[in-house]
Amino acid sequence: MSDTASVTADPQGGPGGEHGRGTVGPRIRSFRRRAGLSQEAAASGAGISARALRDIERGRARRPRAHTLRSLAGTLGLSDDELADLLADARTGPPRDAGRPSLLILGPLVLRRGRTPVPVVGPMLRRLLGLLALKHPEPATQQEVTDILWPSGPPRSHQSLIHTYVSQARRLLAPCGPGSAAPPTVVRTPTGYRLEASRNRIDLGHFDELLARSERLPRAAGPEALYESLTEALRCWRGSVLADADLVLRRHPAAVAAEERRVRAALLHADTALLLRRSGEAVPVLADLVNTEPLHEGLHARLILALADSGEQAAALQVFTRLRRRLDEELGIEPGTEVREAHLRVLRRQPPGPRRADPDEPAHRAPARREPAHPTETHRAPAHRSEPAASTPPPAQLPYGACAFVGRRPQMRVLDTLVASDPARRPHTAVVVGPPGVGKTALATHWAHARSEHFTDGQLFVDLHGHSRLPALRPGDVLAQFLRALGAPPHALPAHPPNEDEAAALYRTLLADKRLLIVLDNARDAEQVRPLIPGAPGCAVVITSRSRLAGLVSTDGARRIALDVLDPDEGRELLGGIAGACNVAAEEAAARRLVELCGGLPLAIRTAGANLVARDASIAGHCAELAGDGILGRLRVEGDRRSTVRSAFELSYRTLPEEARRMFRLLGQLPGPDLTVDDAAVLAGATPAASAALLARLADAHLVRERAGRFGLDVLLRSYARELIGADEAYTARRRLVLSRAPGPVRHDSGQDNCSGSYASSAGSRAQTGGDRKNRRSTALPSAGVSHPDASAPSGPAAGSRTGPSRTVGRTAAPPRAEPREPGVHRHE
């Protein structure tokens, strides 16, 4: 391994290692460089001579006086632990085997006392120590400890076992020698347990302190000081967080957040290395991280530039090829602007680096060179002064639009108001909302391509991952991406991590006099998109979301466009555009039935059509395959997760709180097309107020259809809800319905699984008013599996009978008890 690899692979890095406790001189020199001070400046601030500081750093003064070290500590910004270690080294020299314990989790879990490793045996003890170190300095709750120690469920004696493991941890952390003040230990808190230790005793805390100090460095300190500080911070890492721990611990939110901070430090370290022409030192750091973050485009872009600047153009191009293939196979997308720009720079042989001297100038004088405004600036000057710098082309980021696009004419007319000639009737923002799979992105991209000539300065597009398996994008990161696409000069780009307010101001400035279209796809909420909406009158913004985004309509004046499923004729037209219009015409009845089975949902129709083409099957035969239970398991394209209807529903379901998830599962047990709030309260065994709030939450997520105070599920969402519910939960809900005292006769279920939530009810009868349905006795809602109330009830306490003037209710034998299926987890994953 090269010397440059030691940035991430130094086993002695972090607290308590070779770098944490060593001779006084080298450590003071490291602290001074971290602070970005010269010897003269540091000596002046500490009130000593530059020569005295030079002698200390070179080891000539092996035991500096305590007041000198304290003065230097104040000037260099040392922590109390760092000063204490310096004073101890000055008194006795660096310790050998004794000392306070240090807990290392940035890599495999390691406990060290001084420089001596302390064996931590037993998986439960390792899990406990790993969790407490991850949460430090915050406490871990009792529930967190229980979930980490027993992911499959705790035993009855788990409380006493936790006490045992805590006692073992305390004994491990106890110092073995005298003179160790305030050793780390585990203390009890009102909510759980906390690792009581200085941040410098845990490598994650030490890294966070170094990273925070690096990001606070003034620009006047220069890139050298920033590079030294970041190098020291990254030296704490020996691998992924708790690399040898169980998956449940490695995926803990605190572990994920720590990995994100590591990426942030690596990005800033790479930018600074490129600026200083030390790209080769950044390559090992980036190469290690792209293996753990295989889809992070920022890391790949910097690795491409660093390899090219180090003379490894072929390796740089291979990095781009691998990333493009992986993005296509796993996400079905192309690399973003940042990666494509880095690739083009390699192809044009313009890696970042200093300009060559002009041959017309005298050999003894180098050409003048502008100093960057910030160390993260990436040079984009041409290799030769006589070559003009390439101007940034207008962004054209719209993804490929769907060829088979049908209907949506009213919605297209509303979107056309964004380009209306009359400014008085031209809105600035349009919000396209609807349930998963209804075609929001298809409508936005289709309209954007059709009206692109109105936006002469280009189009910006971003998938915000609001409902995605990937983390939702932060507004600051999207602004940085947009600014680079708009050709913002490098010195004007905000520092990393981007300051959101500063980036938004620059974004609005660049768009002030432009005609640009911004498409913000898959938004999570209004707060995610507000900073991305410019104030320029010539710009238009189209936002798609599964949420209603009512805040944008009420406070930002956005036009709201709600998408519903396709009507039967539009559904057949869409099917014909995929499977062939002649095939649909030849089996018109079967095509109508297939559209009905798909509930008119465009994603389901496209998936069914793709399977028809792939299998060369008849439409009638495919209808027979889809009919019945488990339709969602068959509405999928093998190898393409984005074409799986269940997966689209699951992304919305997972964002719900548990109470709303439960209500959604229970709604799948409806024997009728819809219900009122009171019906939902009976179904869930909750109060009407609580049920109304949950139904509103589901309606906002477009998982429930709301009309005239009644709520229902579309056919495929009903099937999905029935997949999620467990046998016990379903039986209890049905029994509550039957036992509710509703006057009038009880209507039998028709026995047709999908007729109550049929496509005809949800699409073909949209114009029907709710007048006749309001007169129904909504509480008289039995379900399949529950007998008619006139049937004889079994004798004994299990009969479930109720006495009273209304009726006696009986039921059939209860279904076998079974554990409810884990919500959001299915066999196809």
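For the atom pair CD1 (Ile48) and NE2 (His67), the distance works out to 9.5 Å, reported to the nearest 0.5 Å. Rounding to the nearest 0.5 Å places CG of Leu305 at 7.0 Å from CZ of Arg345. Between atom CG of residue Asp244 and atom CG of residue Leu109 there is a gap of 6.0 Å, rounded to the nearest 0.5 Å. Here the CG-CG distance, from Leu268 to Leu230, works out to 4.5 Å after rounding to the nearest 0.5 Å. Atom OG of residue Ser214 and atom CZ of residue Phe207 lie 8.5 Å apart, to the nearest 0.5 angstrom. The structure places CG of Leu129 at 6.0 Å from CG of Leu173, a figure rounded to the nearest 0.5 Å.
Within the 4.5 Å cutoff, the side chain of Arg112 has heavy atoms near those of the Val110 side chain. Counting heavy atoms from C-beta on, the side chains of Ile148 and Thr146 never come closer than 4.5 Å. A 4.5 Å side-chain heavy-atom check between Pro137 and Arg199 finds at least one atom pair inside the cut-off. Taking the side chain as every heavy atom from C-beta outward, Arg302 and Asp271 approach each other to under 4.5 Å. Side-chain contact between Asp288 and Trp237 is absent, with no heavy-atom pair separated by less than 4.5 Å. Considering only heavy atoms from C-beta on, Thr68 comes within 4.5 Å of Ile56 through its side chain. When side chains are defined from C-beta on, Glu297 counts as touching Leu327, because their heavy atoms get closer than 4.5 Å. Side-chain atoms of Leu125 and Val121, non-hydrogen and from C-beta on, never get closer than 4.5 Å to each other.
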Item to check | Working for salt bridge (Lys or Arg N to Asp or Glu O under 4.0 Å), residues Arg278 and Glu224 | outcome: CA-CA 11 Å; Arg278 299 169 72 170; Glu224 286 282 358; 3.3 Å; yes
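Using a 4.0 Å cut-off between a side-chain N of Lys or Arg and a carboxylate O of Asp or Glu, Asp246 and Arg251 do not qualify as a salt bridge. Salt-bridge formation is not detected for the pair Arg235/Glu232: no Lys NZ or Arg NE/NH1/NH2 atom is positioned less than 4.0 Å from an Asp or Glu carboxylate oxygen. Look at Arg194 and Glu196 and you find a salt bridge, because one of the NZ, NE, NH1 or NH2 atoms lies within 4.0 Å of a carboxylate O, short of that distance. With respect to Arg484 and Glu338, a salt bridge is recorded, a charged nitrogen being found less than 4.0 Å from a carboxylate O. The residues Glu57 and Arg32 are annotated as salt-bridged, a charged nitrogen and a carboxylate oxygen being separated by less than 4.0 angstrom. A salt bridge does not link Arg261 with Glu215: none of the charged nitrogens is closer than 4.0 Å to a carboxylate oxygen.
For the residue pair Gln481 and Asp477, no side-chain donor N or O sits within less than 3.5 Å of a side-chain acceptor on the partner. Between the side chains of Arg201 and Ser102, at least one donor-acceptor pair of N or O atoms lies under 3.5 Å. Side-chain contact annotation: His300 with Glu293, donor-acceptor N/O pair under 3.5 Å absent.
You'll find the ring centres of His269 and Tyr227 inside the 6.0 Å limit.
Side-chain N or O atoms of Glu144 include one that pairs as donor or acceptor with a backbone N or O of Thr141 at under 3.5 Å.
In this pair, His343 and Phe320 present their aromatic rings parallel. The plane angle is below 30°, not in the 30 to 60° band.
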